[in-house]
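In what follows, residues are counted from 1 in the order of the sequence shown. Ligands are counted one by one from 1 in listed order, and the atoms in each one are counted from 1 as well.
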Amino acid sequence: GHPQHIAVQLFPYSKGRRLMLTRDVTAIELAEAMRRDFVANVSHEIRSPLTVISGFIETLQTLELSAEERAHFLALMQQQAQRMQNLVSDLLLLSRLEGSPPPDESECVAVADWVSEALTQAQALSNVLHGGSQTLSVVAGPPRLVVGARSELLSALGNLLSNAVRYAGAQGHIDVGWQERADGGLEVWVRDDGPGIAPEHLPRLTERFYRVDRSRSRESGGTGLGLAIVKHVIQRHGGELLIDSVVGQGSTFRLTLPPARIRPAASAEPSVPL
Ligand code: ADP
């Protein structure tokens, strides 16, 4: 895809002779372009809620408003401030994920607890956004322990579920479940009967700030970083994020975990030395 860029340096080393050093800087330039893009995106994401907030502050300062109108504007400002808070916490989480080694064996979580905790959060979000009209359910698989960072795993599954809640619509059905994989690993999946995602978007979905529908994502409180976080977390655990989607039918997001990260649930009980 990208044109090769070669840096050339010439060093005179004896009369009339020069040494030519060449270096392929394509990768460096690409990384630099990505960094610039990222900074531009973050700036834009911060500027839009700030613009809204400043506008409302001016309104509150200049107009005589009823208590009801004031409350309305304050609520909108609060919403925009929350948006910036979400953005900052997602950015911090991403940078922590990038800068730290893969989770060791010191922590584990029962998959049933992991799923039910994420589901409780998603149900709360669903109630706020859709007033209880969505259906969320669990399709439990075999009891297993996952060796990994609890908080990371929770935020990965939480992001998939909150996407399902946000995109599936008020009458949406969302299922979350897990099952053993043929290789002895585990997969945890989230399925919705929402709008689905066209195939041309799928390869780019986990890029930072990539959105199929900008306004829809923002309206529902999306930072544009959710799937980037999910992908990072699962890759750090040696697994993958797989996405299947059919426009008009819905989407399934799968988190796979390798056998090395899975234990039978019975090993949760501390072993007593004889
Ligand atoms: P966002 O904060 O925008 O939701 P994500 O990284 O979580 O960011 O998701 C990227 C994009 O993928 C979303 O903007 C949306 O267009 C699409 N998407 C994610 N999950 C779903 C889903 N369950 N159904 C339809 N589209 C989805």
Side-chain angles (χ1 to χ4, degrees), residues 34 37-38 40-42 44-46 48-49 79-95 97-98 115 118-119 121-123 125-126 128-130 133-139 152-177 187-236 240-255:
M34 280 174 68
D37 254 24
F38 179 66
N41 274 322
V42 171
H44 178 76
E45 296 295 327
I46 292 172
S48 28
Q79 204 179 17
Q80 297 301 314
Q82 183 65 54
R83 219 179 110 182
M84 288 197 284
Q85 268 162 13
N86 293 345
L87 177 66
V88 171
S89 21
D90 277 0
L91 284 169
L92 284 175
L93 177 55
L94 259 181
S95 88
L97 290 174
E98 282 174 345
V115 167
L119 189 72
Q121 292 174 7
Q123 185 68 64
L125 180 67
S126 173
V128 170
L129 292 180
H130 306 290
S133 58
Q134 285 183 334
T135 314
L136 285 82
S137 36
V138 180
V139 182
E152 288 181 24
L153 293 170
L154 186 60
S155 77
L157 188 56
N159 271 313
L160 293 184
L161 277 166
S162 84
N163 280 351
V165 165
R166 291 188 297 116
Y167 296 109
Q171 305 306 321
H173 295 81
I174 296 151
D175 295 323
V176 53
E187 78 182 36
V188 179
W189 49 266
V190 174
R191 186 170 59 216
D192 68 63
D193 59 357
I197 302 155
E200 67 266 27
H201 294 294
L202 292 179
R204 300 196 58 193
L205 226 50
T206 58
E207 284 175 26
R208 294 155 183 219
F209 300 116
Y210 187 84
R211 293 151 158 141
V212 176
D213 180 341
R214 280 184 178 273
S215 58
R216 184 161 182 171
S217 156
R218 295 223 180 85
E219 245 167 59
S220 63
T223 62
L225 297 173
L227 291 178
I229 290 173
V230 175
K231 184 177 163 185
H232 252 83
V233 166
I234 207 66
Q235 285 184 347
R236 278 160 57 75
E240 270 185 300
L241 168 65
L242 308 174
I243 310 172
D244 296 301
S245 192
V246 179
V247 171
Q249 289 185 24
S251 314
T252 303
F253 290 77
R254 266 176 250 278
L255 298 175

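Paired with L225 under the rule side-chain contact (heavy atoms from CB on, under 4.5 Å), one option of L87, N159, V230 passes, and it is L87.
At the top of the distance list for atom 5 (P) of ligand 1, counting protein heavy atoms only, stands L227 N, 3.6 Å. The protein heavy atom nearest to atom 10 (C) of ligand 1 is Y210 O, 3.4 Å. Nearest non-hydrogen protein atom to atom 3 (O) of ligand 1 is S217 OG, 2.5 Å. Protein heavy atom closest to atom 2 (O) of ligand 1, with residue, atom name and distance, is G224 N, 2.7 Å. Here the heavy atom of the protein found nearest to atom 21 (C) of ligand 1 is Y167 CD1, 3.5 Å. In terms of protein heavy-atom proximity, atom 25 (C) of ligand 1 is closest to I197 CG1, 3.7 Å.
Considering only non-hydrogen atoms, atom 23 (N) of ligand 1 lies nearest to D192 out of L205, N163, D192.
Scanning all heavy atoms of the two residues, the minimum distance from I46 to M84 falls at O-SD, 3.9 Å. In terms of heavy atoms, G169 sits closest to H130 at C-CE1, 4.0 Å.
For ligand 1, the atoms lying closer than 4.0 Å to a non-hydrogen atom of R211 are 3 (O), 14 (O). Of all atoms in ligand 1, listed by their number and element, those nearer than 4.0 Å to a heavy atom of G222 are 2 (O). Against a heavy-atom cut-off of under 4.0 Å, S251 is close to the following atoms of ligand 1: 24 (N). Taking every heavy atom of V212 and a limit of under 4.0 angstrom, the matching atoms of ligand 1 come to 14 (O), 16 (O). Close approach to G226 involves these atoms of ligand 1, each under 4.0 Å from a residue heavy atom: 5 (P), 6 (O), 7 (O).
Contact analysis leaves N159 out of contact with ligand 1, as no non-hydrogen atom separation drops below 4.0 angstrom. At least one heavy atom of R166 sits closer than 4.0 Å to an atom of ligand 1. F209 does not count as a contact of ligand 1, since none of its heavy atoms falls under 4.0 Å from the ligand.
Residue I229 holds its CD1 atom at 4.5 Å from CG of L93, rounded to the nearest 0.5 Å. For the atom pair CD1 of I174 and CG of L136, the computed distance is 4.5 Å after rounding to the nearest 0.5 Å.
Under the salt bridge (Lys or Arg N to Asp or Glu O under 4.0 Å) criterion, no residue pair touches residues 155-174, with sequence neighbours excluded.
Neither the backbone nor the side chain of R216 has a heavy atom within less than 4.0 Å of ligand 1.
Proximity of a side-chain donor or acceptor of S133 to a complementary backbone N or O of A170 within less than 3.5 Å is detected.
The pair R254-E240 fails the salt-bridge criterion, with no side-chain N (NZ, NE, NH1 or NH2) lying under 4.0 Å from an Asp/Glu carboxylate O.
Contact check for H201 versus S245: no side-chain heavy atoms found under the 4.5 Å cut-off.
Under the salt bridge (charged side-chain N to carboxylate O under 4.0 Å, His left out) criterion, D90 pairs with no residue at all, not counting sequence neighbours.
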